[in-house]
Q: 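There's a structure below that I have some questions on.
Chain naming here is simple, since letters A, B, ... match the order of the sequence lines and numbering starts at 1 in each.
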Amino acid sequence: MSGNEAIARGAYEYGVRLASAYPGTPSTEILECIGALYPEIRAGWAPNEKVALEVAAGSAYGGSRSMAIMKHVGLNVAADPFMTLSYTGVNGGLVIVVCDDPEMHSSQNEQDTRNYAKFGKVPCLESSDSQEAKDMVGEALLISENFDTPVILRSSTRISHSMSLVETKTRSEGPKELGLKKDPMKFVMLPAMARRRHPIVEQRLKDVAAFAETFPFNKIIMGDTSLGIISSGVNFQYAREVAPSASFLKLGMVWPLPVKMIKDFASRVKRLVVIEDLDPFIEEAVRLMGIAVEGKELTGICSELSPEKVEIALTGASSARSIGPIDVELPLRPPNMCPGCPHRATFTALKKNKVYVSGDIGCYTLGALPPLGMLDHCLCMGAGIGIASGLDRSLGDLAKGKAVAVIGDSTFFHSGMTPLLELAYNGGSTTVVIMDNRTTAMTGAQNHPGTGFTLRLDPTITADIEKLAESFGFKRIRTVNPYKVRELEKIVSEELEAPEPSLIISRAPCALLKTDRILIDKPYDIDKDVCKGCKSCINTGCPALEFVKIEEPAEGEKRKGFSKINPALCVGCGTCYEVCKFDAVKEAS
Amino acid sequence: MSNDRVYNVLIVGVGGQGIILASDVLGLVAARHGYDVKKNEIHGMAQRGGSVSSHVRFGKFVSSPIIKMGEADVLLSFEQIETLRYFPFLSEKGKVIVNDLKILPPAVFTGKQDYPADVIGKIKSKVPDALVMKADEIAAGMGNPRVANVIFLGVLSKYLDIPAETYEEVLKETLKPKLVDINLKAFHKGRLLAA
């Protein structure tokens, strides 16, 4: 099982009754797996992580074992309920699974969730393989119920997406009585009540710290005493791989820390090193205990660690005998929008209008890469609309007819609705383009409130973006098919000229979706004799196109090359047909 | 189990080539054989045509889910230049299996950069016994271009100590029933090609 599958399995085995999440790499597969395999668990996608955590909190207040799942930056969105949930505590066990992404394989930053655990005064567990990931769901729920606190189960890309062997068990239900119980002193955080809760939180942290000393997933493994390594998560595995004879303090609970255990371990080894990704979280805590320790001066803070980095940190060199690199300048292979992607068509139309584009997070972020180069901002989920609006209103004439925001449908429901309302409310001339591809594409096509289907593919409501914008007061709302690039281009230029906020809904299903398909799935063709080699089509960045260089030009040949379509990749979106000025692209027959 | 060593197999290529399936099957095969197995890959953005790598490690006891750079026993690459990208992972004594296929990255298909010349020659100069094959053409010749990954699994199986029957069992259990026959044929084709 992958770490994510194991966490889903843990939710099942340990009696979780409700799970809620918003997709985000590397956490997405947890709820997908719960949806597919464990009908005993009530589960659904939430529009965003804040809502996911609130739904899980409500469920836990009612006595159910509950789980909220998100990626690291999702906890920023959920930070508001998270911080006060620490005060109210729970009833039924509540585990918040947060998956960090050191190295930013698929993220906009590499923040370290352990800081949130400390900030929120909430215990944080961390597993080092899939078996532990599953077991720790049970441990987290027990700690949650016994100490009346939400618990973070921290994963990482290398735990979530690594597979290792897991022993399974049958399901057992949680211990709490289910029902609606009035307890305003605990659950209503008015100042008077919150003041009473805060000391309880402080005492709870001390109690959990005492428990951490005997928590079975915190363990000392004595070996050679010349080197003692404190580590957790996948880094424990790396360290054990490269220094198998060393002594280890392996932490399964990374907040609060077992102070006595750490002091005891430190006293038994000559050299003490903390091996941890990202922030010097454990290292600084150990130093505060007055213990001499090495850490970040060896491993660095940025990026993820790896077996060779850990070995070099500990010994100064790698013992591996690599064959070494072959010195060739390699073209990079970044992810790219797929052939037939409707976003490519939308960006192509925007490019013609020479606009300044604020975007955010989704497949459309890839529009920032060459040759499109059409995204000027990506900050966080939902940020593009606010940024465009701020640029437009602060710059006035300097940004006139230029400020455009792009946002995907799933991101719009996640956190685009409130900035759209701000734009309608405070005005300006920003043009917002919702690139509605009918799915959460970047994370692998999850449903959302605009698709008409739930996590488990049951039919449900389809939120109507046009009506929503209308109710916000938008007067200019246009819905277009992005593959009609020339038409979209014209509509964009009309809306850019409008002195009030405009909304363009550029709607076509993701090219990877099998349902509601409007693509013809027949390849276009380029007449290479008609092609002038102007690269208009090439500059859309479509992987189904190739610029073929003319190495030995015939007499009178002015072209450097011509475009060619790979019929195996082309799905017939027609974007290249729309941009070709010389009628070289032939429609599929 | 034959010994205490850990086998390190690194499978690389481009999103959409069936790398994850191949490494999933290999992981299950190794587990079925009685090995401890760990496996890791970076996906997420992989299906957008990005570079993909999958680490599969198995043996009596495996700690790290990723291979230490310089310790891969086998580098199985589904695309020419992806072989070079991950080359430093290969150990001095490592084996290389390369698909003789070019998938052009954006900078190349847009005419900004050239695809590196003579990649196969460069690989052979470092690893003379590198096995090079046109798996996609062979797969197409068998009637299904999508079985190239399982042809490679067949090739790979000849470099490892797990019997062919174990692969067959796992393939039968993992694949949709209608795809089992063609994939078993592809697997054995791969074994023949490696011989």
Side-chain angles (χ1 to χ4, degrees), chain A residues 2 25-26 28 105-106 129 157-159 161-165 234 236-238 240-242 244 306-308 311 318-326 328-338 363 366 369-371 442-444 512 535 538-539 541-543 545-549 560-561 568, chain B residues 14-15 24 27 31 36-51 55-56 62-72 79 81-85 87-94 103-117 119 122-123 125-127 145:
Chain A
S2 68
T25 311
T28 311
H105 295 284
S106 197
D129 61 22
T157 302
R158 296 294 183 181
I159 293 297
H161 287 170
S162 285
M163 293 201 174
S164 58
L165 305 178
V234 78
F236 166 71
Q237 305 288 4
Y238 297 163
R240 187 168 56 167
E241 180 85 30
V242 301
S306 62
E308 63 275 3
E311 188 174 31
S318 169
S319 62
R321 291 228 287 271
S322 165
I323 195 155
I326 294 180
V328 176
E329 198 191 333
L330 287 181
L332 296 175
R333 197 185 294 279
N336 188 3
M337 287 180 264
C338 307
C363 284
L366 301 175
L369 303 177
M442 185 54 116
T443 45
L512 298 178
K535 285 194 174 181
I538 294 290
N539 288 330
C542 178
L545 286 162
E546 182 189 340
F547 190 70
V548 183
K549 286 186 182 158
K560 287 195 172 138
Chain B
V14 178
D24 278 351
D36 185 20
V37 185
K38 283 190 180 166
K39 173 175 149 358
N40 178 277
E41 67 250 340
I42 289 302
H43 45 95
M45 292 171 109
Q47 71 178 358
R48 320 283 170 248
S51 171
H55 299 234
V56 188
V62 181
S63 190
S64 166
I66 61 176
I67 299 168
K68 188 162 85 179
M69 196 174 284
E71 289 195 344
E79 201 273 349
I81 58 168
E82 294 311 308
T83 324
L84 304 188
R85 206 182 302 283
F87 213 70
F89 272 95
L90 191 65
S91 98
E92 277 178 350
K93 294 181 189 145
I103 298 176
L104 307 185
V108 177
F109 69 68
T110 55
K112 297 258 189 294
Q113 204 175 343
D114 289 327
Y115 194 93
V119 172
K122 288 181 174 108
I123 295 166
S125 73
K126 283 265 198 180
V127 185

Q: What residue, out of A/I323, A/D129, A/V242, has the most heavy-atom pairs lying under 4.5 Å from chain B?
A: A/I323
Q: If you count heavy-atom pairs under 4.5 Å between each of B/A117, B/A107, B/S91 and chain A, which one has the most?
A: B/S91
Q: Taking A/R158 for the side chain and B/I66 for the main chain, is one N or O donor matched with an acceptor at less than 3.5 Å?
A: no
Q: State, yes or no, whether a side-chain contact exists between A/S162 and B/K38 at a heavy-atom distance under 4.5 Å.
A: no
Q: Nearest heavy-atom pair of B/K122 and A/V328: which atoms, and what distance?
A: CD-CG2, 3.5 Å
Q: Are more than 12 heavy atoms from other residues, nucleotides or ligands located less than 6.0 Å from atom NZ of A/K549?
A: yes
Q: By a 4.5 Å heavy-atom criterion (distance strictly below it), what part of A/E329 contacts chain B: side chain, backbone, both, or neither?
A: both
Q: Nearest 0.5 Å please: distance from the OG atom of A/S306 over to the CD1 atom of B/I67.
A: 12.0 Å
Q: When you compare the side chain of B/S64 with that of A/F236, does any pair of heavy atoms fall below 4.5 Å?
A: no
Q: So which atom in A/I326 and which in B/L84 form the shortest heavy-atom distance, rounded to 0.1 Å?
A: CD1-CD2, 3.6 Å
Q: Do A/P334 and B/P106 have side-chain heavy atoms sitting under 4.5 Å apart?
A: yes
Q: Could you report the tightest heavy-atom contact between B/T110 and A/K535, atom names first, then the distance?
A: O-NZ, 3.0 Å
Q: Specify which of B/P105, B/P145, B/S125 makes the most heavy-atom pairs with chain A at under 4.5 Å.
A: B/P105
Q: Please examine the side chains of A/N336 and B/F109, heavy atoms only from C-beta on, and report whether any two atoms are closer than 4.5 Å.
A: yes
Q: Give me the atom names and distance for the closest heavy-atom approach of B/D114 to A/P331.
A: O-CG, 4.2 Å
Q: Compare all side-chain heavy atoms of A/Q237 with those of B/S63 and state whether any distance is below 4.5 angstrom.
A: yes
Q: For the interface with chain A, which of B/E71, B/K93, B/K126 has the highest count of heavy-atom pairs at distances below 4.5 Å?
A: B/K126
Q: Do you know which of A/V234, A/I538, A/L165, A/L330 has the most heavy-atom pairs under 4.5 Å to chain B?
A: A/L330
Q: Which value, rounded to the nearest 0.5 Å, describes the distance between A/R333 atom CZ and B/I81 atom CD1?
A: 4.5 Å
Q: So, the side chain of A/S322 versus the backbone of B/M69: is there a donor-acceptor pair under 3.5 Å, distance only?
A: no
Q: Is it true that B/K68 and A/E241 make a salt bridge, defined as a side-chain N closer than 4.0 Å to a carboxylate O?
A: no
Q: Pick whichever of A/P325, A/A568, A/C542, A/G324 has the most heavy-atom pairs under 4.5 Å with chain B.
A: A/G324
Q: Please determine, among A/P26, A/S318, A/P307, the option with the most heavy-atom pairs under 4.5 Å with chain B.
A: A/P307
Q: Taking every non-hydrogen pair under 4.5 Å, which of B/I103, B/T83, B/V108, B/V56 racks up the most with chain A?
A: B/I103
